[in-house]
Amino acid sequence: AAAGAAPAAKLEDADALIDSVETFIFDCDGVIWKGDKLIDGVPETLDLLRSKGKRLVFVTNNSTKSRKQYGKKFETLGLSVDEEEIFASSFAAAAYLQSIDFPKDKKVYVIGEEGILKELELAGFQHLGGPTDGDKKIELKPGFYMEHDKDVGAVVVGFDRYFNYYKVQYGTLCIRENPGCLFIATNRDAVTHLTDAQEWAGGGSMVGAVLGSTKQEPLVVGKPSTFMMDYLAKKFGITTSQICMVGDRLDTDILFGQNGGCKTLLVLSGVTSLQTLQSPDNSIQPDFYTNQISDFLTLKAA
Ligand code: PLP
Ligand code: CA
């Protein structure tokens, strides 16, 4: 359903939904796992969908790991998922640079963690920054300025637990002073759930710092932007109306599906409560909602 359309319907006939699409895109945190814990019934649900010949794709806005590292995480959780089926926002940043033929003699400055560095390396891009810049202090040159690399042609910003003033200033200098330098954000999630006890500042906070100093809007490659949807639709040759996007978050997952023209299913196993979904303040209505994806195993037409 488009934004502002009819309120989400409670999913009652899972078979009808499954039969109506050829591909399921699953968001990861809140749908497949919560932190490091597998959500109940996920292996059986994925097995059911695969046995029905559905293509499964996994998309996460968490840029801290590469798709290879996510492959290991799926394996550790006992899920058999191919690396090629995983689209993390770290991978999306590298795929975006490839899609625009970003020059290999230019460099990428990274405010973010290891996943982004690994994906840039695999794609053959030169990079600097990353977690090790977390220890750096600003060194003033005579004349009281900080040096930066004039060959940086893109700054990629993602979630970064080693964030500091050095990095913001470095990224700011690149964006403001290097002609044509791109500002790319892996995602803008306001908060994330590193632990269940509270909400934690998400990737949007690091992106916000660079936005604040450059006054430039970033190009977002993660959800809800259409980049990853276009990329995977093209890669697999899928029509987006044949996709059901399943996620736990309205302003990333459900909007991502709606922006792409997919069917959308909200699960309540993550960050969104039924109360939030049904609040008059919420304008993002998925086609359907249900408690968790294992409901696919039990919700059959009467
Ligand atoms: N960003 C960070 C840093 C996270 O820790 C998480 C969830 O764990 C996310 C983003 C959102 O991930 P997903 O898109 O899989 O829900
Ligand atoms: Ca999620």
Side-chain angles (χ1 to χ4, degrees), residues 24-39 42 46 56-67 69-71 73-74 76-77 79 81 85-93 110-117 119 130-131 134 156-163 184-209 218 220-225 227-229 232 244-257 259-260 264-273 276-277 284 286 289-293:
F24 281 88
I25 301 180
F26 290 106
D27 159 53
C28 294
D29 199 79
V31 176
I32 304 296
W33 57 64
K34 261 191 130 167
D36 289 325
K37 213 176 148 278
L38 190 65
I39 290 175
V42 166
L46 301 186
L56 308 185
V57 175
F58 301 86
V59 172
T60 177
N61 262 2
N62 187 338
S63 63
T64 59
K65 290 184 170 71
S66 64
R67 67 194 330 204
Q69 291 173 309
Y70 279 114
K73 175 164 184 172
F74 276 100
T76 305
L77 293 173
L79 300 171
V81 168
E85 299 170 318
I86 305 167
F87 295 84
S89 61
S90 51
F91 172 82
V110 178
I111 298 178
E113 300 194 13
E114 202 188 356
I116 301 171
L117 301 183
E119 294 296 355
V156 173
V157 184
F159 181 69
D160 188 349
R161 281 166 289 190
Y162 311 90
F163 191 69
I184 296 167
T186 58
N187 67 301
R188 297 183 76 165
D189 294 36
V191 291
T192 174
H193 292 76
L194 295 179
T195 69
D196 274 345
Q198 62 184 186
E199 292 184 322
W200 298 80
S205 62
M206 292 88 200
V207 173
V220 181
V221 292
K223 300 171 288 186
S225 107
F227 174 73
M228 271 207 280
M229 185 68 77
L232 56 94
C244 178
M245 173 67 209
V246 184
D248 69 318
R249 204 161 155 145
L250 295 162
D251 66 352
T252 53
D253 305 319
I254 300 307
L255 203 53
F256 176 64
N259 287 344
T264 54
L265 170 66
L266 178 80
V267 287
L268 303 174
S269 48
V271 302
T272 307
S273 63
T276 302
L277 172 67
I284 304 171
Y289 72 90
T290 197
N291 287 325
Q292 50 188 21
I293 62 168

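Counting from 1, the numbers follow the sequence of the chain as shown. Read the numbers this way: they start at 1 and go in the same order the structure lists the ligands and their atoms. Just so you know, these numbers come straight off a predicted model, no measurement behind them.
Using a 4.0 Å cut-off to heavy atoms of Asp189, the atoms of ligand 1 that qualify are 10 (C), 11 (C). Close approach of ligand 1 to Cys28 (heavy-atom distance below 4.0 Å) involves ligand atoms 15 (O). Close approach of ligand 1 to Phe159 is summarised as follows: ligand atoms under 4.0 Å from at least one heavy atom of the residue are 3 (C).
Not a single N/O/S atom of Asp253, whether from backbone or side chain, sits less than 3.0 Å from the Ca ion (ligand 2).
Judged by distance alone, the side chain of Thr264 and the main-chain N or O of Pro286 form no donor-acceptor pair under 3.5 Å. With hydrogens and angles ignored, the 3.5 Å screen pairs no side-chain donor or acceptor of Ser89 with any backbone N or O of Ala92. Although no hydrogens or angles enter the test, the distance criterion places no donor-acceptor pair under 3.5 Å between the side chain of Asp248 and the main chain of Val31. Checking side-chain atoms of Ser90 against main-chain N and O of Lys65 turns up a donor-acceptor pair under 3.5 Å. A donor-acceptor pair is defined here as one N or O able to donate and one able to accept, closer than 3.5 Å; such a pair exists between the side chain of Glu119 and the backbone of Arg67.
Put simply, no part of His193 is less than 4.0 Å from ligand 1, judged by heavy atoms. Put simply, no part of Thr64 is less than 4.0 Å from ligand 1, judged by heavy atoms.
The pair Lys223-Asp189 does not meet the salt-bridge criterion, since no charged nitrogen lies less than 4.0 angstrom from a carboxylate oxygen.
Counting heavy atoms under 4.0 Å from ligand 1, residue Arg249 does not touch it at all. When non-hydrogen atoms are compared, ligand 1 lies under 4.0 Å from the backbone of Asn62 as well as from its side chain. Looking at Thr60 against ligand 1, both its backbone and its side chain come within 4.0 Å, counting heavy atoms.
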Q: Please step through side-chain contact (heavy atoms from CB on, under 4.5 Å) for the pair Phe74 and Ile86, ending with a clear verdict.
A: CA-CA 10 Å; Phe74 276 100; Ile86 305 167; 3.8 Å; yes
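To the nearest 10 degrees, the Ca ion (ligand 2) sees OD1 of Asp248 and OD1 of Asp27 at an angle of 120°.
Ring centers of Phe91 and Tyr70: at least 6.0 Å apart, outside the cut-off.
Closest protein heavy atom to atom 13 (P) of ligand 1: Asp27 OD1, 3.1 Å. Nearest to atom 4 (C) of ligand 1 among the protein's heavy atoms is Thr192 OG1, 3.0 Å.
Not one N or O of Asp253 is nearer than 3.5 Å to an N or O of ligand 1, by distance alone.
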